[in-house]
Amino acid sequence: MSFKVAIVGRPNVGKSTLFNRLVGKKLALVDDTPGVTRDRREGEARLGDLSFTIIDTAGLEEAATGTLEARMRIGTERAIADADLCLLLIDARAGVTPLDKSFSQILRKSPTPVILAANKCEGGAGKAGRMEAYELGLGAPLPLSAEHGEGLGDLYDALAQFAKGLEADDAGQAVEDALAEEQDADAGFDPDAPYEPDLEAPLRVAIIGRPNVGKSTLVNQLLGEDRMLTGPEAGITRDSIGIEWEWRGRRVKLWDTAGMRRRARVTEKLEKLSVADTLRAVRFAEVVVILLDATQPFERQDLHIADLVEQEGRGLLIVVNKWDMVAEPQEVLRVLKEELERLLPQIRGVPIVTLSALTGRGTDKLMPAIERVHTFWNARVPTARLNRWMQEAVSRHQPPAAHGRPVNLKYISQVKSRPPTFAVFSSRADDVPTSYRRYLVNGLRETFDLPGVPIRLFMRKTHNPYADRKKRS
Ligand SMILES: Nc1nc2c(ncn2[C@@H]2O[C@H](COP(=O)(O)OP(=O)(O)OP(=O)(O)O)[C@@H](O)[C@H]2O)c(=O)[nH]1
Ligand SMILES: Nc1nc2c(ncn2[C@@H]2O[C@H](COP(=O)(O)OP(=O)(O)OP(=O)(O)O)[C@@H](O)[C@H]2O)c(=O)[nH]1
């Protein structure tokens, strides 16, 4: 992900020198006569694994009219408007000057974030100036030497921290977009019209799992190891959110949780995804794959992710990796199935796929299983079938009477898919207990074959015409 950094500061502090160092080419003129940089320049900068556009805003004294301060204000404001981040440079050897103060005032008032750096600090010089710089109210100044290339590590950390924040914003936006798309897909929902997958919209998938379960290995296997190594080829695109490719003529977008964590590690050395990252991935995805390591027990963290999937109403698939390490596959699978039924009663019958990302064995089952869960998640049940089913369900097991009177269920219809959502109408909706609603949900899941997706069921109150008539008479 790229961003724009404007280097601002009064003349002669070393803006062009820093620009040249970051761009790696002598693009800007450097001279020790103040104001020698005539135009602002832009270049593609690299620092470690970060790449960004950098703007050098020098040459303010060149303009013919207005006071220096007025011109500076204009130049800086223009740069601020253009940039995602400003780097305010001061000359630590010269100390803080009134002009530096004017700059920081402008910057403090703007919403663009600012990094303050004290230049010309090579060999520990400029300490006094650096201390003074705290006065500017822009936080701790980073000691730098643009000419000698010192302090670039700290600059990297500050920029990486900023880039991570941008990515989080981007990710947040991707989630909002995905949710908006979903709402569009739900508009005009008709339970009696057959579900037809929209092949234009990418099927959104997230693969989530504890560290070391084999997420990266699996993604590489899915996309084809070679293609990943030789960079994106036609058919595979990557952005800060994820990886998109085509599978059997269908667009698939994979949320890059591994990538999110890799980037996070740069600055925070996080060993696992933060809760916020996980939640974002779950909300983005239509189908969430929880990846387990066959040699490790099912853990609380996995359960926590499954809970999130249920709460957010996404489709769920459990994938057990490293199946090549399992000596007694039947037994391991039996235990796992039992555990899942016990620990995840709210999403019964979650499909399980076993595979080895390392050898590739079984990985061909993954996409078809994801697609199936996606279909269940989009399922539509015709109203007539639903009502026939409900009549039977009620005759087998009546809702308990409340206040000495029977509770009648009038009818049921599906009001939404993604996940399947049903409304049951009754004049005494409030009197239907949770246990009975659960009975209905379980019946729906079994009868209409909806494994691995949360099912929502609401009770809706119908108007009771008899009650009204009685009142009127
Ligand atoms: N000692 C020391 N001198 C530096 C450093 N960085 C830049 N300079 C010198 O400071 C002077 C001004 O540098 P420039 O990069 O032209 O400064 P600028 O801020 O772009 O200046 P204008 O173009 O006038 O706006 C030059 O003589 C540089 O060699 C540094 O880290 N240490
Ligand atoms: N035996 C076996 N080892 C595997 C399999 N898949 C992955 N591994 C190994 O498990 C280790 C972790 O794999 P990664 O793909 O890096 O796991 P990850 O989940 O991306 O790890 P983090 O980035 O730490 O979250 C590596 O040593 C892999 O070679 C598998 O199917 N079988």
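Keep in mind that what you see is a predicted model, and the values were worked out from it rather than measured. Counting starts at 1 for both ligands and their atoms, following the listed order. The chain is numbered in sequence order, starting from 1.
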Would you please name every residue forming a salt bridge (Lys or Arg N to Asp or Glu O under 4.0 Å) with E122, sequence neighbours left out?
R93

C121 N/O under 3.5 Å from ligand 1 N/O:
no

Can we say R334 and E328 salt-bridge, meaning some charged N sits less than 4.0 Å from an Asp/Glu carboxylate O?
no

State whether the shortest distance between N or O atoms of A146 and N or O atoms of ligand 1 falls below 3.5 angstrom.
yes

Between the side chains of N220 and T217, is a donor N or O closer than 3.5 angstrom to an acceptor N or O?
no

When the ring planes of F52 and F3 are compared, do they come out parallel, tilted or perpendicular, using 30° and 60° as the limits?
parallel

One finds that the ligand 1 atoms under 4.0 Å from a non-hydrogen atom of S145 are 30 (C), 31 (O)

Take a 6.0 Å sphere around CZ of R46 and say whether it holds more than 12 heavy atoms from other residues, nucleotides or ligands.
yes

Could you say whether the N/O atoms of E147 and ligand 1 ever approach to under 3.5 Å?
yes

Going by distance only, is there an N or O of L355 that falls short of 3.5 Å from an N or O of ligand 2?
no

Residues, nucleotides or ligands: over 12 heavy atoms within 6.0 Å of K337 NZ
no

Tell me the nearest of I207, L358, L291, V320 to atom 5 (C) of ligand 2, using heavy-atom distances.
L358

Out of V8, T17, L144, whose heavy atom sits nearest atom 15 (O) of ligand 1?
T17

Option of least heavy-atom distance to atom 20 (O) of ligand 2 (set: P211, G209, S216):
S216

In Å, rounded to the nearest 0.5 Å, how long is the span from CZ of F189 to CD of Q414?
3.5 Å

Indicate yes or no: does an N/O atom of A357 lie under 3.5 Å from an N/O atom of ligand 2?
yes

Taking only non-hydrogen atoms of S356 and a 4.0 Å limit, the atoms of ligand 2 in range are 30 (C), 31 (O), 32 (N)

State whether E181 and R204 are salt-bridged, where the test is any N-O pair (Lys NZ or Arg NE/NH1/NH2 against Asp/Glu carboxylate O) under 4.0 Å.
yes

Give every donor-acceptor pair under 3.5 Å between a side-chain atom in residues 291-300 and any protein atom, sequence neighbours left out.
{"unit_1": "D293", "atom_1": "OD1", "unit_2": "T295", "atom_2": "N", "d": "2.8"}
{"unit_1": "D293", "atom_1": "OD1", "unit_2": "T295", "atom_2": "OG1", "d": "2.7"}
{"unit_1": "D293", "atom_1": "OD2", "unit_2": "K322", "atom_2": "NZ", "d": "3.1"}
{"unit_1": "E299", "atom_1": "OE1", "unit_2": "R210", "atom_2": "NH1", "d": "3.4"}

Per-residue contact class, N119 against ligand 1 - non-hydrogen pairs under 4.0 Å
side chain

Does the distance from a Lys or Arg side-chain N to an Asp or Glu carboxylate O, for K120 and E147, drop under 4.0 Å?
no

Show which atoms of ligand 2 fall inside a sub-4.0 Å distance from at least one heavy-atom site of M325.
1 (N)

Taking atom 1 (N) of ligand 1 as the point of reference, which of E122, K120, R93 owns the nearest heavy atom?
E122

Heteroatom distance test (W323, ligand 2): nitrogen or oxygen, under 3.5 angstrom:
no

Heavy-atom nearest option to atom 2 (C) of ligand 2, drawn from D324, V213, T217, N220
D324

